[in-house]
Amino acid sequence: MTAPKHFISLLDYSGEQLNALIQRAIELKNANDYDYQPLKGRVLAMIFEKSSTRTRISFETGMTQFGGSAIFLSPRDTQLGRGEPIEDSAKVISSMVDCIMLRTHSHEMVTTFAEHSSVPVINGLTDLLHPCQLLADIQTFTELRGDIQGKTVAWIGDGNNMCHSYINAAKALNFNLNIACPEGFAPQQAVVENAAAKLQFCDSTEQAATGADLVVTDVWASMGQEEEQQKRVIAFKDYQVTTQVMAAAQKDALFMHCLPAHRGEEVSSDVIDGPQSVVFAEAENRLHAQKALLEFLIC
Ligand code: CP
Ligand code: NVA
């Protein structure tokens, strides 16, 4: 049996391959062809340990539009939640479906699952990475501003799974990434070291935004960190993307956020609901980008 392709980290693929996926996503979006059903009869299993709106709906809709279907699995309702080994679950589930998407706390759960799966495994977010979101973000930037190569992106806020994914994207797609995180909330060293030449750590949000073509942020407390919310509100108080921060960026800079957002915390309402924000186009592109991904992995 040849090993299936997986999509666990952006770094599993070259910049050329990622750009080809993004171009395909744009093509599928523009064609809007409901008769194109390359995944007729194919099934995607989706295992969600954490909540989701966009990821669940985009994968399920994408499979349906392609003529296939998706099964939503909560660990609460499956034997995984009762301690059935990941290895056994991967072998069993992959013997019945054509692709598996997982959203988990532990990144190792996804990598272990992939090692024992006979079909492609997609990372639908772990505590470490959220690569599917980056496909949509880069698609959105490409549609509105062209190739991201050589451009400057500002990451403001937590050094979390989205920040790590931007770091990987900066390396794979060759753009500069300015990072401003509060002390104690920097991205993981191993992720940083791997892309160090593309990164610039900044002392303030304005410094990070200076000259940026794209400004990105995310929630201060990610899923699983709810108990740290109060502590984080204090630590992150100077890390809100405001109109003043956007004013330091290029005049035509875009603002992105993977959503869900907390207005008045990581971003002010006038920025996320303002003219530079493309968060809803970004959210819609989850569908188109993941259709391109499903076609690439399954067909
Ligand atoms: N951006 C994102 O992954 O959204 P969901 O948590 O709603 O899937
Ligand atoms: N960093 C956030 C992203 C949500 C899509 C989280 O992990 O909760």
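Just follow the structure's listing: the first ligand is 1, and inside any ligand the first atom is 1.
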Can you tell me if Lys50 has a non-hydrogen atom under 4.0 Å from ligand 1?
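Checking ligand 1 against Lys50, which is what was asked, there is no heavy-atom contact under 4.0 Å.
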Heavy-atom contact check, 4.0 Å cutoff: does Leu259 meet ligand 1?
yes
Salt bridge present between Lys91 and Glu87 (N-O < 4.0 angstrom):
no
Numbering as shown, the atoms of ligand 1 that approach Arg286 to under 4.0 Å (heavy-atom distance):
1 (N), 2 (C), 3 (O)
Under 4.0 Å to a heavy atom of Thr53 - the qualifying atoms of ligand 1, by number:
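This gives 5 (P), 7 (O), 8 (O) as the contact atoms.
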Below the 3.5 angstrom mark, is there an N/O of Ser222, backbone or side chain, next to an N/O of ligand 2?
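Among all N and O atoms of Ser222, at least one is under 3.5 Å from an N or O of ligand 2.
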Are any of the N/O atoms in Val219 less than 3.5 Å from those in ligand 2?
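Val219 vs ligand 2: no N/O contact under 3.5 Å.
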Can you see whether [X] engages [Y] through a side-chain donor-acceptor pair at a distance of less than 3.5 angstrom?
X	Y	result
Gln200	Asn178	no
Gln244	Glu206	yes
Ser58	Gln290	yes
Gln229	Arg232	no

More than 12 heavy atoms of other residues, nucleotides or ligands under 6.0 Å from NZ of Lys5: is that the case?
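Atom NZ in Lys5 is packed in, count exceeds 12.
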Flag yes if more than 12 heavy atoms outside Gln17 fall under 6.0 Å of its CD atom; otherwise flag no.
yes
Among all protein heavy atoms in this structure, tell me which lies nearest to [atom], with the distance rounded to 0.1 Å.
atom	result
atom 4 (O) of ligand 1	Arg54 NE, 2.8 Å
atom 6 (O) of ligand 1	Arg103 NH1, 2.8 Å
atom 8 (O) of ligand 2	Met223 N, 2.8 Å

If you compare His257, His130, Met223, Arg56 by their heavy atoms, the one closest to atom 3 (O) of ligand 1 turns out to be His130
Any idea which of Thr53, Thr55, Asp218 brings a heavy atom closest to atom 3 (C) of ligand 2?
Asp218
Contact (N/O only, under 3.5 Å) between Cys258 and ligand 1
yes
Can you list the ligand 2 atoms lying under 4.0 Å from a non-hydrogen atom of [X]?
X	result
Leu125	3 (C), 4 (C), 5 (C), 7 (O)
Asn161	1 (N), 2 (C), 6 (C), 7 (O)
Asn160	1 (N)
Leu259	5 (C)

Cation-pi geometry met for Arg24 and Phe296 (6.0 Å, 45°)
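Here Arg24 fails the 6.0 Å and 45° test against Phe296.
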On the ring face of Phe175, is Lys198 found with NZ or CZ under 6.0 Å from the centre and within 45° of the axis?
no
I'd like to know if the side chain of Asn123 reaches the main chain of Ile8, judged simply by a donor and an acceptor atom lying under 3.5 Å from each other, with no hydrogens or angles considered.
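Between the backbone of Ile8 and the side chain of Asn123 there is a qualifying donor-acceptor contact (under 3.5 Å).
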